[in-house]
Amino acid sequence: MREIQLFGLPYAGGSSFMYEPLRKSLSEQIKLIPLEYAGHGERMQEELYPSFHDMVLDMTNQIESRLTSDPFAILGYSMGSLAAYEITQELIRRTMRNPLQLFVAAHAAPHLHQASEPVYEAVAARFKANMLKMGMSDLDVMNNVELLECFVPIFYHDLKLYAGYQYSESKKPLDVNLTVLYSDEENRHNQIFEWSAYTSKACLYQRMKGNHFFIHSHMEEMVQVINQSLMGELIHH
């Protein structure tokens, strides 16, 4: 059976390493390729992006350079979901190849995007709150000065990019199967279901247990959804 390339886009402030725990539970036919934003993780020495659009172009280049003749899929998480949608549009425009599946996790549809210009002090507090949501203790977060000094500026910059994102209504719906993974935090007013307008094909929804960071607390359930979706697609490809 053929392989499927699965490209992963991190959340704001995250690195490619966030996807590594998924690797051991994915079907052996799924080749996970976590992507790294410039200025993050293994690309820490590179300049951060001046705009969200620059990030989309760079990530599209990264995927395009790695594509093989095998089918592929794209997964985005939180801010990475917006990036994944825009990257999919750009990649199809360049290559005329559609991914087997687009997975968007922990984010509402692009036209609902709302974000104000971040304030650094508030971003630092939000970063600490996110670390606690991911399972770190108060002491782990508050006492790790090196962690805060390294990652809060990156998180702040990503939120500035995120605030600058502008959705274009001129784009046509994708001809790609779409799977939306979400927690109750992203669906307080049933708005998550507006993702259906972004594809002319099937749009499936999977409610996840846990909070916004269910990729960490309920990783096995998330991988099960990915495995079932992609292996089903591969059989019919």
Side-chain angles (χ1 to χ4, degrees), residues 3-19 22 30-111 113 115 154 157-181 195 197-201 203 226 229-230 233 237:
E3 286 188 337
I4 303 176
Q5 294 179 291
L6 175 61
F7 297 96
L9 283 301
Y11 45 60
S15 73
S16 61
F17 183 74
M18 64 172 275
Y19 285 114
L22 278 65
I30 300 173
K31 182 182 179 183
L32 179 65
I33 307 173
L35 298 173
E36 196 80 90
Y37 300 135
H40 298 59
E42 294 180 351
R43 301 177 66 188
M44 187 71 78
Q45 302 306 315
E46 298 181 34
E47 292 291 325
L48 294 163
Y49 301 114
S51 71
F52 194 95
H53 182 64
D54 286 295
M55 178 174 69
V56 168
L57 293 181
D58 179 49
M59 290 295 96
T60 306
N61 291 341
Q62 295 287 328
I63 293 176
E64 189 175 12
S65 68
R66 290 170 166 82
L67 284 178
T68 66
S69 59
D70 289 324
F72 68 98
I74 298 175
L75 164 64
Y77 203 97
S78 194
M79 180 187 78
S81 292
L82 286 183
Y85 165 72
E86 295 293 342
I87 289 162
T88 300
Q89 290 276 7
E90 177 66 14
L91 197 62
I92 292 172
R93 186 189 69 79
R94 292 187 192 182
T95 67
M96 305 300 291
R97 289 182 63 185
N98 287 4
L100 281 186
Q101 184 91 214
L102 171 61
F103 297 94
V104 290
H107 204 284
H111 71 281
H113 169 68
I154 295 172
H157 184 84
D158 284 355
L159 291 183
K160 288 186 70 173
L161 297 184
Y162 180 68
Y165 171 76
Q166 293 184 322
Y167 169 66
S168 172
E169 295 184 2
S170 64
K171 291 185 173 71
K172 295 180 179 179
L174 296 166
D175 187 29
V176 175
N177 286 331
L178 182 62
T179 295
V180 183
L181 302 104
W195 271 109
Y198 287 77
T199 180
S200 60
K201 299 186 79 172
C203 184
I226 294 171
S229 296
L230 289 184
E233 293 273 9
H237 184 66

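Just so you know, these numbers come straight off a predicted model, no measurement behind them.
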T179 vs Q101, side-chain hydrogen bond (donor to acceptor under 3.5 Å, both in side chains): CA-CA, chis, key distance, verdict: CA-CA 7 Å; T179 295; Q101 184 91 214; 2.5 Å; yes
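Considering every non-hydrogen atom in both M55 and A83, the closest pair reads CE-CB, 4.1 Å. Minimum heavy-atom separation, E47 to A38: O-CB, 3.4 Å.
Checked by atom type, the side-chain pair H107/Y11 shows no donor-acceptor distance below 3.5 Å.
Distance check: L102 CG to T199 OG1 gives 8.5 Å after rounding to the nearest 0.5 Å. In this structure, CD1 in I226 is found 11.0 Å from CD1 in I4, a value given to the nearest 0.5 Å. For the atom pair NZ (K201) and CG (N98), the distance works out to 7.5 Å, reported to the nearest 0.5 Å. Here the straight-line distance linking atom OH of Y37 with atom CD of E46 works out to 14.5 Å at 0.5 Å rounding. To the nearest 0.5 Å, the span separating OG on S16 from NE2 on H40 amounts to 10.5 Å. Distance CD/Q5 to OG1/T68: 3.5 Å, rounded to 0.5 Å.
Between Y198 and H111, the angle of the ring planes stays under 30°, which puts this pair in the parallel group of the 30/60° scheme.
With ring centers used as reference points, Y49 lies 6.0 Å or more from H157.
Within a 6.0 Å sphere centred on NE2 of H53, other residues, nucleotides and ligands contribute 12 heavy atoms or fewer.
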